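Just below is one structure, and these are the notes that go with it.
A, B, ... follow the sequence lines: proteins, then strands. Residue 1 opens every chain. Because the structure is a prediction, the values reported are computed rather than measured.
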2 protein chains.
Amino acid sequence: MEYSEKQLAIINTAEKLFSVTGFDGTSVRDIAREAGVNLAMISYYFGSKEKLMEAVFELRTEKIRLKVENLLQDDTLSNLDKVNILIDDYVEKFISQQEFHKIMMREQLIEKNNPIAGFIHELKKRNLQSIKKLIQDGQKTGEFKKNIDIVLMMITMVGTVSQMITSQRFYREVNNLEHLDEQEFRKHIRKKLSTHLKHLFKISLTNEI
Amino acid sequence: MEYSEKQLAIINTAEKLFSVTGFDGTSVRDIAREAGVNLAMISYYFGSKEKLMEAVFELRTEKIRLKVENLLQDDTLSNLDKVNILIDDYVEKFISQQEFHKIMMREQLIEKNNPIAGFIHELKKRNLQSIKKLIQDGQKTGEFKKNIDIVLMMITMVGTVSQMITSQRFYREVNNLEHLDEQEFRKHIRKKLSTHLKHLFKISLTNEI
DNA sequence: AATTTTTAATCAAACGTTTGTTTAATTTTA
DNA sequence: TAAAATTAAACAAACGTTTGATTAAAAATT
């Protein structure tokens, strides 16, 4: 799908407002005002508020698909290297796109079966398959130990990064990092999370410290 | 605060509906209908929808306060034992009160400064102080290594449990656990999470495996 | 090249619902 | 019988969406 400048303005504004005040907490009038377009243009372009949300999702997830497949086939890297690259990649995406990921977190809390929930479910499944393959490769070569609960490890990774985003203000306060600007702070937590998760994964996968 | 049976019905229903459809996604009419009370009773008893939410929070958090202080002073236990007990305690609370915790997760995603956000902030601070004390005790006795990022460990613990709740349907599906009823399944993930987190904490705190 | 027709974009206004809250009357309880 | 609880009805405000008129640009016809 190709979007005009004005359509993109609506999508970007919607993403921002949805992430701050939630889907139900954001009115189409809020979006129209902030995006500088007429109220009717939202229905005109996207059909409905719901469909606008879907447009946000499709736009933000379309670029995520690649990368992993190529990485899996690269035989110049050890499997632990690959795991580390995936962690870096995941943390980077999550932190730099945190507005969108806040929307994701909220949507996952809704239990009813909406198109978005299905979307996220598929995304998770695909990710799990890739990681599973990677871990199993490492187990065959003896790099990784047996009896690894991959799903639980994924939950720890996703959960840790999500929780950092959720409580970043708290983290900032207790670590006296208020002097950093937003960009520096994001860089800081990205580095912290990467190191922390790589360490956790290494000891969980390999028995080594 | 003491509540009548009818008031508790309202609070419990509100908790359930807020957790499933969110605060903005739940109307006071929904709550009244499901709780079997007249619409006006909500304003009559609680003043407003917002205040009803606060009542849910106060009721659900009033019992959490104790426990930790007593545990810290117990000198028949090693510090690692205490950490493990805290993990068990935390996981148990989170899983058995997951409706309420879903509300907590959602509220933390809202950036505006509401009374609830302040409430959660204080709760986190208190928890962190207790854990910090505990870890430092362990470091003095040589049980735990130096240079532990306690906040990051807390984020991993809270994040892992939160993420498990968020994606429990996914976890259930990929592990073929559909045959378990709700109670059995909760018990299952409680056990899984406890073991997993204790393992992560042990290796992160002690250098041992 | 000039004119007409068609399509797309934009807008203010209005639509019918639903929202949270309040009122005023009535019933129940102490 | 005074206070508390309960009710149906009403309130204004906000909601997502649609309408019909207007403008601008593009395409088709003469």
Side-chain angles (χ1 to χ4, degrees), chain A residues 1-59 103 106-107 109-110 112-117, chain B residues 1-59 103 106-107 110-117:
Chain A
M1 189 58 188
E2 288 290 316
Y3 292 114
S4 71
E5 209 168 311
K6 201 163 256 188
Q7 286 169 313
L8 282 174
I10 294 173
I11 291 182
N12 289 332
T13 308
E15 179 189 40
K16 188 181 144 205
L17 294 182
F18 286 160
S19 102
V20 175
T21 36
F23 181 79
D24 292 317
T26 305
S27 74
V28 290
R29 283 173 179 79
D30 293 335
I31 300 171
R33 193 184 318 111
E34 187 119 344
V37 303
N38 186 277
L39 169 63
M41 297 311 290
I42 292 174
S43 292
Y44 179 73
Y45 279 133
F46 299 96
S48 68
K49 187 187 176 187
E50 191 74 41
K51 295 247 187 69
L52 170 57
M53 170 71 120
E54 291 174 35
V56 172
F57 257 78
E58 279 167 32
L59 188 63
I103 301 179
R106 231 189 296 252
E107 281 298 311
L109 287 171
I110 300 175
K112 85 166 180 290
N113 257 342
N114 47 29
I116 305 285
Chain B
M1 189 57 189
E2 288 291 316
Y3 291 115
S4 73
E5 208 167 311
K6 200 162 260 189
Q7 287 169 311
L8 283 174
I10 294 173
I11 291 182
N12 290 332
T13 308
E15 179 189 41
K16 188 181 145 205
L17 294 183
F18 287 159
S19 100
V20 175
T21 35
F23 181 78
D24 291 316
T26 305
S27 74
V28 289
R29 281 172 181 80
D30 292 336
I31 300 171
R33 193 184 317 111
E34 187 119 343
V37 304
N38 186 279
L39 168 64
M41 298 310 290
I42 293 175
S43 292
Y44 180 71
Y45 280 132
F46 299 97
S48 68
K49 187 188 177 187
E50 191 74 41
K51 295 247 186 69
L52 170 56
M53 170 71 120
E54 291 173 32
V56 172
F57 257 78
E58 278 166 32
L59 187 65
I103 301 179
R106 231 188 296 251
E107 281 297 313
I110 300 176
E111 303 198 5
K112 84 165 181 287
N113 258 342
N114 47 30
I116 306 283

So A:Ile42 and A:Arg29, side-chain contact (heavy atoms from CB on, under 4.5 Å) or not? Walk me through it. CA-CA 9 Å; A:Ile42 292 174; A:Arg29 283 173 179 79; over 6 Å; no
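- Note: CG (A:Asp30) to P (D:dC15) measures 6 Å, nearest angstrom.
- Contact annotation: the side chain of A:Ile31 never approaches that of A:Met41 to less than 4.5 Å [non-hydrogen atoms, C-beta and beyond].
- For the pair A:Arg29 CZ and C:dT19 P, the computed distance is 15 Å after rounding to whole Å.
- Looking at A:Gln7 and A:Phe46, their side chains come closer than 4.5 Å, going by heavy atoms from C-beta outward.
- In this structure, B:Val56 and B:Ala14 approach most closely via the heavy-atom pair CG2-CB, 4.3 Å.
- Distances shorter than 4.0 Å separate none of the side-chain N or O atoms of B:Tyr45 from OP1 or OP2 on D:dA4.
- Backbone-only engagement by A:Ser27 is indicated by non-hydrogen atom pairs under 4.0 Å involving sugar-phosphate atoms exclusively.
- Residues A:Ala9 and A:Ala35 come closest through the heavy atom pair O-CB, 3.9 Å.
- B:Phe18 places a side-chain heavy atom less than 4.5 Å from the side chain of B:Lys49.
- Listed by residue number, there are no residues of residues 9-22 of chain A with a heavy-atom contact under 4.0 Å to DNA chain C.
- Between A:Asp24 and B:Lys6, it is B:Lys6 whose nearest contact on DNA chain D lies nearer the 5' terminus.
- Residues B:Ile103 and B:Phe57 have side chains in contact (heavy-atom distance under 4.5 Å, counting atoms from C-beta outward).
- Residues B:Leu59 and B:Leu8 are in side-chain contact: their nearest non-hydrogen atoms beyond the backbone lie under 4.5 Å apart.
- Where A:Gly25 and A:Tyr44 each meet DNA chain D at their nearest nucleotide, the meeting point lying more 5' is that of A:Gly25.
- Residues B:Glu54 and B:Pro115 share a closest heavy-atom pair of OE2-CG, 3.6 Å.
- The shortest non-hydrogen separation linking A:Leu17 to A:Thr26 is O-OG1, 3.2 Å.
- Residues from residues 47-57 of chain B with heavy atoms under 4.0 angstrom of DNA chain D: there are none.
- Using a 4.0 Å heavy-atom distance criterion, B:Thr26 is classed as a sugar-phosphate-only contact.
- Atom NZ of A:Lys6 and atom OG of A:Ser4 lie 8.0 Å apart (nearest 0.5 Å).
- In this structure, the CZ atom of B:Phe23 is 12 Å from the C1' atom of C:dT19, given to the nearest Å.
- Of all the residues in residues 33-42 of chain A, A:Asn38, A:Ala40, A:Met41 reach under 4.0 Å from DNA chain C with at least one non-hydrogen atom.
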